[in-house]
There are 2 protein chains.
Amino acid sequence: MSQTVDRALSILPLLAEGPADLGQVADRLGVHKSTALRLLRTLHEHGLVHRQADQRYRLGARLFALAQEAVENLDIREIAHPYLVDLNEKCGHTVHLAVYEENEVLYIDKVESRYPVRMYSRIGKPVAITVAAVAKLILADLPEGERRALAEKLDYPMYTARSIPNAAAFLKELATVREQGWATDLGGHEESINCVAAPIRGADGRVIAAMSVSAPNVVVTAEELLTLLPLVRRTADAISREYSGGAPARDTPAPHTRAPHTPAHKAP
Amino acid sequence: MSQTVDRALSILPLLAEGPADLGQVADRLGVHKSTALRLLRTLHEHGLVHRQADQRYRLGARLFALAQEAVENLDIREIAHPYLVDLNEKCGHTVHLAVYEENEVLYIDKVESRYPVRMYSRIGKPVAITVAAVAKLILADLPEGERRALAEKLDYPMYTARSIPNAAAFLKELATVREQGWATDLGGHEESINCVAAPIRGADGRVIAAMSVSAPNVVVTAEELLTLLPLVRRTADAISREYSGGAPARDTPAPHTRAPHTPAHKAP
DNA sequence: AATGGCCGTTGCAGATGTTGCAATGAATGC
DNA sequence: GCATTCATTGCAACATCTGCAACGGCCATT
């Protein structure tokens with residue numbers, strides 16, 4: 001580990017507490033002022049710290065830009081894929097990954113069942129939004145107003161007798177899902193197929209994707225499938241953690257809990 | 001300036017583009033792998049980079065936490081936010097807030113349009129500095145010398161036919177903007193999008209930030225958008241007053257704004 | 001006005017940390 | 001099974017970093 005870099009990086013959390021002048025920084029680092037000055041200058045050139053009018057230093061907005069760019073380039077599919085494969089190897093069933101985009105829920109990854117009987121679905125295809133377990137999870141996390149507006153606007157095709165029939169029933173189901181943190185689809189799309197699903201959350205606690213395990217009745221009963229729920233949830237949580245940049249040990253809340261101090265606007 | 005720290009910090013923007021393995025990092029830094037490894041380790045210990053399952057590196061959660069604190073320390077954002085929300089509710093369009101820092105203009109807050117058609121932009125992203133209305137306002141207020149020097153240094157990408165093409169035209173536009181105290185961008189960044197913007201000033205009269213209202217042609221014409229100018233200016237002025245310590249203006253008390261946000265750390 | 005204290009800044013010589021090399025280990029692919 | 005690729009380690013040479021002391025600007029006090 002590099003001492004110089006270590007010292008420089010230690011300045012950042014220090015400044016996060018509030019602006020500080022050169023002397024304060026040097027003191028808290030335990031180094032000579034000239035050393036602190038040099039480190040601060042380097043941080044400054046990279047835009048990580050900003051010098052305000054009174055010559056004190058504070059964190060730079062560039063930090064924010066950096067974080068934002070990183071979030072934008074995060075590919076949930078790439079991160080999740082190995083976990084999906086792993087889950088498939090453990091349970092043998094079809095595993096799906098879905099995201100929300102423009103009022104639709106889309107499958108973006110899939111690992112096929114190892115059983116001969118497979119269900120039909122296609123990556124990139126919009127899911128049956130009113131019945132699919134992954135859709136329920138994602139929509140349940142939308143802001144109240146948006147959720148309601150969307151629910152009213154949707155069609156409720158009766159794929160089977162167990163399909164959700166109307167907006168009221170759908171909203172009620174979403175409330176349940178939101179409460180319990182997981183979802184199922186028991187024959188709501190195709191008579192003989194059941195799914196269990198769990199949400200994947202970003203660092204701010206919002207649901208950014210959902211994953212599910214699906215299997216036809218002829219292979220496992222709904223009850224048997226439900227026994228996989230803990231595993232599915234654990235996997236989803238692991239993906240959430242990885243997506244959020246790892247378990248930062250200390251002061252960041254667990255990825256699957258709602259951050260208490262979530263800011264007004266959220267990263268996409 | 002410290003070479004070691006400089007190299008380490010250069011890794012961050014590199015990783016913001018996407019995950020990279022040790023070799024890639026070493027190559028792009030132009031150093032030996034063992035050197036890159038050490039720097040990455042140090043960054044890792046501080047939580048700024050995260051090692052994913054496939055052993056590649058990406059930016060870590062700690063960076064996001066720091067970024068969060070960095071913006072929270074920008075008290076202009078705290079103060080302005082309710083006004084932005086209020087303005088959005090009055091006109092329905094996308095509202096932006098931007099500040100100047102280290103030769104860049106950055107969006108630091110945004111309230112989304114309530115119309116279905118939205119423009120892209122992201123908080124934290126540097127704005128298109130040569131065409132954005134908010135950038136014009138902020139740069140127009142720089143001291144003569146600095147303004148000219150910056151103008152010469154910039155690139156002038158032709159996003160559209162109406163983009164500002166060169167330093168001379170830019171300086172002329174800045175003079176106009178400085179004179180009139182407001183700015184527009186009429187299709188200079190994206191053909192179909194127009195903006196009107198007004199400056200937010202500190203107690204000493206200097207421009208410390210700028211806000212804008214943006215809308216696509218398909219929703220309102222440029223002329224219609226311009227009728228919002230007085231409202232935008234009034235809002236910006238109200239923010240200026242409150243920021244300068246003046247009593248929060250009574251005409252925009254922001255009735256149902258968010259709860260009093262835990263302020264970060266503010267010096268009296 | 002002059003003085004003293006405070007703080008940021010600079011140049012420098014010595015010492016410490018850093019660098020790149022070469023070799024090892026581990027994992028993957030052919 | 002062997003070859004390849006990649007991360008990792010120990011080490012010696014060296015470049016970089018460190019702390020010191022001195023300078024200069026700024027402000028409040030005398």
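Owing to the predicted nature of the structure, the values given are computational and were not obtained by experimental measurement.
Atom pair B:H44:NE2 and D:dT8:P shows a separation of 10 Å (rounding to whole Å applied). Note: CG (A:L29) to P (D:dC17) measures 16 Å, nearest angstrom. Counting to the nearest Å, the C1' atom of C:dT10 and the NZ atom of A:K33 are 12 Å from each other. Straight-line distance from the CD atom of B:Q55 to the P atom of D:dC6: 12 Å, rounded to whole Å. Going from atom CG of A:D54 over to atom C1' of D:dC27 covers 15 Å, rounded to whole Å. One atom, CG of A:L22, and another, P of D:dG25, lie 18 Å apart when rounded to the nearest Å. Computed from coordinates, the A:D27 CG to C:dG8 P distance equals 11 Å when rounded to whole Å. In this structure, A:D6 atom CG and C:dT16 atom P are separated by 18 Å, rounded to whole Å.
Side-chain contact between B:Y100 and B:E104 is absent, with no heavy-atom pair separated by less than 4.5 Å. Inter-residue side-chain proximity for B:L59 and B:L48 is flagged as unmet; no heavy-atom pair is nearer than 4.5 Å. When side chains are defined from C-beta on, B:E101 counts as touching A:H50, because their heavy atoms get closer than 4.5 Å.
The environment of B:E179 atom CD is sparse: at most 12 non-hydrogen atoms of other residues, nucleotides or ligands sit within 6.0 angstrom.
Between B:S2 and D:dC17 there is a side-chain polar atom (N or O) within less than 4.0 angstrom of OP1 or OP2. When the side-chain nitrogen and oxygen atoms of B:R51 are compared with OP1 and OP2 of D:dT8, one or more of them lie within a distance under 4.0 Å.
Nearest-nucleotide assignment on DNA chain C puts the 5′-proximal partner with A:D21, out of A:D21 and A:V5.
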Residues 7-18 of chain B side chain polar contacts: donor-acceptor under 3.5 Å, at least two apart:
from: B:S10; atom 1: OG; to: B:D6; atom 2: O; distance (Å): 2.8
from: B:E17; atom 1: OE1; to: B:R28; atom 2: NH1; distance (Å): 3.1

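Across all strands, B:R41 comes closer than 4.0 Å only to sugar-phosphate atoms, never to a base (heavy-atom distances).
A donor-acceptor pair is defined here as one N or O able to donate and one able to accept, closer than 3.5 Å; no such pair exists between the side chain of A:D185 and the backbone of A:N194.
A donor atom on one side chain and an acceptor atom on the other are not found under 3.5 Å apart for B:Q52 and B:Y57.
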Expected string for nucleotides 20-30 of chain C under the B/S/- scheme (protein heavy atoms, under 4.0 Å, primed atoms plus P, OP1, OP2 as sugar-phosphate) is BBB--------
